[in-house]
Amino acid sequence: MALIGCAVWNVGCGYHVAGRNSALPKSIHVIAVPALENKTTSYRIEQRLTAATVHELLAKTAYRVVSDPANGDAVLRGKVLGLEAVPLLFDTKTGRATTMLVTVKCAVTLEERETGKILYHADNFVFRNEYEIPAAVNPSTGQVNPATLAGVYEEQDPALDRLAQDFAARLVAAVTENF
């Protein structure tokens with residue numbers, strides 16, 4: 001009985017599942033997401049972030065997504081201003097970084113196309129997360145294992161995809177829930 005009362009109380013207090021409640025106007029059904037602009041030297045990072053943002057909007061919201069701004073009720077535009085990876089944790093034996101802190105800085109605007117009203121804007125949208133680096137050094141010998149070293153390079157694309165997915169989840173929540 002107390003559990004039911006607690007559940008009713010929580011519903012009445014406005015709790016909701018993140019990503020399922022939108023603070024956007026009810027007139028918005030289609031969001032245009034043209035490719036983000038890349039103001040960094042990181043090759044094609046804007047393509048990964050744009051694709052992940054589109055995927056996140058489709059997966060976590062009821063909005064239809066298009067690429068052409070003329071076909072959207074709202075237009076989500078962005079510029080990737082910075083991408084930085086800083087070593088955070090090190091292996092004490094080798095001195096090599098084992099965990100990196102990655103920071104992505106963007107300028108983001110969601111604008112209602114018909115009225116020009118700004119629904120969301122951030123000149124300094126910052127996303128930070130920690131990512132582990134696979135070990136390329138054999139801990140017992142301290143020598144670089146060429147097979148493992150190749151794995152580190154092969155890990156770069158999946159790591160960037162995880163970064164893009166994490167970034168997109170945060171961006172979509174911020175835009176749709178108005179955080």
Side-chain angles (χ1 to χ4, degrees), residues 18-19 24 30-61 63-72 74-92 94-111 113 118-138 144-179:
L24 299 179
V30 180
I31 298 178
V33 184
L36 299 172
E37 292 180 49
N38 187 357
K39 301 294 184 181
T40 74
T41 58
S42 298
Y43 181 66
R44 297 176 61 174
I45 189 68
E46 80 285 0
Q47 293 177 9
R48 289 178 191 270
L49 296 178
T50 302
T53 300
V54 167
H55 180 269
E56 187 72 12
L57 279 166
L58 292 171
K60 300 286 172 71
T61 72
Y63 299 110
R64 203 163 56 87
V65 180
V66 297
S67 59
D68 184 1
N71 295 329
V75 181
L76 179 63
R77 297 186 196 279
K79 294 178 189 174
V80 184
L81 304 173
L83 176 65
E84 181 180 66
V86 178
L88 190 61
L89 296 175
F90 295 87
D91 182 309
T92 55
T94 65
R96 295 180 189 260
T98 59
T99 303
M100 300 291 283
L101 176 64
V102 179
T103 303
V104 179
K105 294 179 186 174
C106 292
V108 180
T109 302
L110 180 67
E111 178 181 352
R113 188 180 57 82
I118 302 298
L119 304 172
Y120 178 85
H121 179 76
D123 281 329
N124 196 22
F125 180 85
V126 177
F127 168 79
R128 284 187 183 92
N129 208 349
E130 298 173 15
Y131 296 92
E132 287 186 33
I133 300 171
V137 177
N138 182 332
V144 174
N145 179 343
T148 310
L149 186 58
V152 170
Y153 292 115
E154 290 171 8
E155 175 64 15
Q156 183 175 355
D157 281 345
L160 287 174
D161 289 341
R162 282 193 307 275
L163 166 72
Q165 183 180 13
D166 294 345
F167 167 86
R170 174 123 183 277
L171 177 61
V172 168
V175 168
T176 60
E177 297 175 19
N178 214 3
F179 285 114

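What you are looking at is a predicted structure, and each value in this text was computed from that prediction instead of being measured. The first residue of the sequence shown is numbered 1, and numbering continues consecutively from there.
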Give, for atom [atom1] of [X] and atom [atom2] of [Y], the distance between the pair rounded to the nearest 0.5 Å.
X    : Y    : atom1 : atom2 : result
R128 : T103 : CZ    : OG1   : 4.5 Å
C106 : N38  : SG    : CG    : 9.5 Å
Y63  : T176 : OH    : OG1   : 6.5 Å
N129 : L101 : CG    : CG    : 8.0 Å
R170 : T53  : CZ    : OG1   : 12.5 Å
Y43  : R48  : OH    : CZ    : 10.0 Å

Is the shortest heavy-atom distance from the side chain of [X] to the side chain of [Y] under 4.5 Å?
X    : Y    : answer
V104 : L163 : yes
V102 : L83  : yes
V33  : I31  : yes
I118 : L110 : no
L49  : Q47  : no
V30  : N71  : no

Check [X] against [Y] and note the closest heavy-atom contact, atom names and distance.
X    : Y   : value
L119 : A74 : CD1-CB, 4.4 Å
E46  : E37 : CB-C, 4.2 Å
R77  : P34 : NH1-CG, 3.9 Å
A32  : P69 : CB-CA, 3.6 Å
V108 : L76 : CG1-CD1, 3.6 Å

H121: what forms a side-chain hydrogen bond (donor to acceptor under 3.5 Å, both in side chains) with it, not counting sequence neighbours? T109, D123
Once side-chain hydrogen bond (donor to acceptor under 3.5 Å, both in side chains) is applied, do any residues pair with E84, and if so which ones, sequence neighbours excluded? none
side-chain contact (heavy atoms from CB on, under 4.5 Å) evaluation trace for V66 with R64: CA-CA 7 Å; V66 297; R64 203 163 56 87; 3.9 Å; yes
For F125, ring-ring contact (aromatic ring centres under 6.0 Å, His included) partners two or more places apart: F167
What do the steps show when you test D166 against F127 for side-chain contact (heavy atoms from CB on, under 4.5 Å), and what is the final call? CA-CA 9 Å; D166 294 345; F127 168 79; 3.4 Å; yes
